[in-house]
**Student:** 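There's a structure below that I have some questions on.
When a ligand or atom number is given, it counts from 1 through the structure's own listing order. We count residues from 1, following the sequence as given.
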Amino acid sequence: MRRKIAAGNWKMNGDNNLLDDLTTLTVGQNISDPEVIVCPPHTLLNKAVEKTGNSFIKIGGQDCHVEKGGAYTGDISASMIAETGAKYVIVGHSERRDGHNEGNQGVRAKVQAAWSAGLNAILCIGESAAERSSKDTLSIIGTQLHASLPDDATAVNTIVAYEPIWAIGTGKTPTLNQIKETHDMLRDELINRFGTEGMKIRLLYGGSVKAANATEIFQVENVDGALVGGASLKATDFQPIIDALAET
Ligand code: PGA
């Protein structure tokens, strides 16, 4: 059985008050309870690790550079993120792919950089509205998965998040059948490529997940949890999503 994951992506939001809010999150003690990951802005990583300490909440970064260090003004390396005590890093989010011209090869290099620093990569893939309309979703995300994920991916070092770009921050979500279609296809691809390990890699859905739609989305086969943006910015919004996952 794959352990479920509720991951929060704060994007360019959050402050010390939100970190305090984080410590009010709860989860049960069962092994079947979800893993909870929170990815605040990099400026808050140290404090987030300090505040969550040995609790069930794990911390991650939102992006990393491919290099370990050097003349890259404004960037941050995977080893710097790891040094804070964070365990995860999001790579290939559509807001990076689109806003910072990141292609599959560059994302793949970031996944490698994350692994080299001892971080688990949360690899994001997803189609645009135009690609969905032209019925290219499966081929686009199949290519993204293939090209962005290096050959030595395992269930320990990688989590894949399917996030349709048109669903992010819009309040729109794919139908449950559309989510099933994409997640089933991604599962097949992972199994074809990585064998039994491909059955164990967690597949998250992301894009306008909230308390009101979490349960039905989590009931879809091959959805192992969610990457949550807006609804992870308040414990009172994020907690019911964690609870929905625990109850699925
Ligand atoms: P959203 O963002 O939940 O606000 O749609 C999801 C994401 O971008 O990871």
Side-chain angles (χ1 to χ4, degrees), residues 4-15 18 21-22 25 34-42 44-45 48 57-64 81 86 88-100 102 107 110-111 114 119-129 131-132 137 140-141 144-145 148 158-176 178-179 182-183 186 202-218 220 223-245:
K4 310 275 177 179
I5 298 176
N9 173 13
W10 288 6
K11 311 191 179 186
M12 201 168 71
N13 299 295
D15 53 19
L18 192 51
D21 203 31
L22 187 65
L25 291 173
E35 250 175 273
V36 177
I37 304 167
V38 174
C39 302
H42 292 150
L44 294 174
L45 283 178
I57 302 169
K58 303 293 173 234
I59 302 299
Q62 297 178 11
D63 178 51
C64 65
I81 294 172
Y88 297 83
V89 64
I90 297 170
V91 286
H93 192 281
S94 59
E95 286 152 15
R96 301 290 315 177
R97 288 180 188 261
D98 286 353
H100 298 262
E102 294 187 6
V107 173
K110 289 186 176 201
V111 175
L119 296 173
N120 301 328
I122 304 174
L123 170 66
C124 300
I125 56 176
E127 83 286 2
S128 66
E131 288 159 348
R132 160 101 20 213
T137 299
I140 290 288
I141 63 174
Q144 286 176 337
L145 183 74
S148 309
T158 302
I159 297 161
V160 175
Y162 165 61
E163 299 203 303
I165 300 170
W166 52 272
I168 295 177
T170 58
K172 294 183 198 157
T173 50
T175 64
L176 298 179
Q178 287 171 329
I179 296 178
T182 49
H183 279 246
L186 293 169
R202 269 82 57 89
L203 271 175
L204 310 185
Y205 167 78
S208 294
V209 174
K210 45 186 186 284
N213 60 19
T215 300
E216 57 178 21
I217 292 174
F218 295 155
V220 176
V223 172
D224 303 314
L227 181 55
V228 184
S232 71
L233 292 174
K234 269 195 216 152
T236 47
D237 291 335
F238 198 32
Q239 185 68 56
I241 295 172
I242 297 171
D243 294 344
L245 204 46

**Student:** For ligand 1, which is the ligand I care about here, please tell me if Lys11 has any N or O atom under 3.5 Å from one of the ligand's N or O atoms.
**Tutor:**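 Among all N and O atoms of Lys11, at least one is under 3.5 Å from an N or O of ligand 1.
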**Student:** Quick one: pull up CD1 in Ile141 and CZ in Arg132 and give me the separation to the nearest 0.5 Å.
**Tutor:**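 Between atom CD1 of Ile141 and atom CZ of Arg132 there are 7.5 Å.
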**Student:** To which protein heavy atom is atom 4 (O) of ligand 1 closest, and what is the distance rounded to 0.1 Å?
**Tutor:**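 Protein heavy atom with the smallest distance to atom 4 (O) of ligand 1: Gly230 N, 2.8 Å.
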**Student:** Of all the atoms in ligand 1, which lie at a distance below 4.0 Å from a heavy atom belonging to Gly169?
**Tutor:**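 So the atoms of ligand 1 that pass are 1 (P), 4 (O), 5 (O).
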**Student:** So do the side chains of Leu44 and Leu18 get within less than 4.5 Å of each other, counting heavy atoms only?
**Tutor:**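 Of all side-chain heavy-atom pairs linking Leu18 with Leu44, none is under 4.5 Å.
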**Student:** Heavy-atom distances under 4.0 Å are what count here, so tell me which part of Ile168 touches ligand 1: side chain, backbone, both or neither.
**Tutor:**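 Ile168 to ligand 1: contacts from backbone and side chain alike.
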**Student:** With a cut-off of 4.0 Å, which atoms of ligand 1 are near a heavy atom of Ser208?
**Tutor:**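 Going through ligand 1 atom by atom, the ones under 4.0 Å from Ser208 are 1 (P), 3 (O), 5 (O).
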**Student:** What are the two closest non-hydrogen atoms of Gln62 and Cys39, and how far apart are they?
**Tutor:**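 Smallest heavy-atom distance, with atoms named: NE2-O, 3.1 Å.
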**Student:** From the options Gly229, Ala231, Gly207, Gly8, select the one whose nearest heavy atom is closest to atom 3 (O) of ligand 1.
**Tutor:**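 It is Gly229 that holds the nearest heavy atom.
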**Student:** In the protein, which heavy atom is nearest to atom 9 (O) of ligand 1, and how far is it?
**Tutor:**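 Minimum-distance protein heavy atom for atom 9 (O) of ligand 1 reads Glu163 OE2, 2.6 Å.
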**Student:** For residues Ala121 and Val91, report the shortest heavy-atom separation together with the two atoms involved.
**Tutor:**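 Heavy atoms of Ala121 and Val91 come nearest at CB-CG2, 4.2 Å.
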**Student:** Can you list the atoms of ligand 1 that are under 4.0 Å from a heavy atom of Asn9?
**Tutor:**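 In order of number, 9 (O).
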**Student:** Using a strict 4.0 Å cut-off to heavy atoms of His93, name the atoms of ligand 1 that fall inside it.
**Tutor:**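 Result: 7 (C), 8 (O), 9 (O).
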**Student:** Just so I know, are the side chains of Ile168 and Glu95 near enough to count as touching, which here means a heavy-atom distance under 4.5 Å?
**Tutor:**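 Yes - at least one pair of side-chain heavy atoms lies under 4.5 Å apart.
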**Student:** So how far is it from Ile179 CD1 to Thr173 OG1, rounded to the nearest 0.5 Å?
**Tutor:**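 Answer rounded to 0.5 Å: 6.0 Å.
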**Student:** Can you see which heavy atom on Tyr205 is nearest to which on Pro174, and at what distance?
**Tutor:**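 Looking at all heavy atoms of both residues, the closest pair is OH-CD, 3.0 Å.
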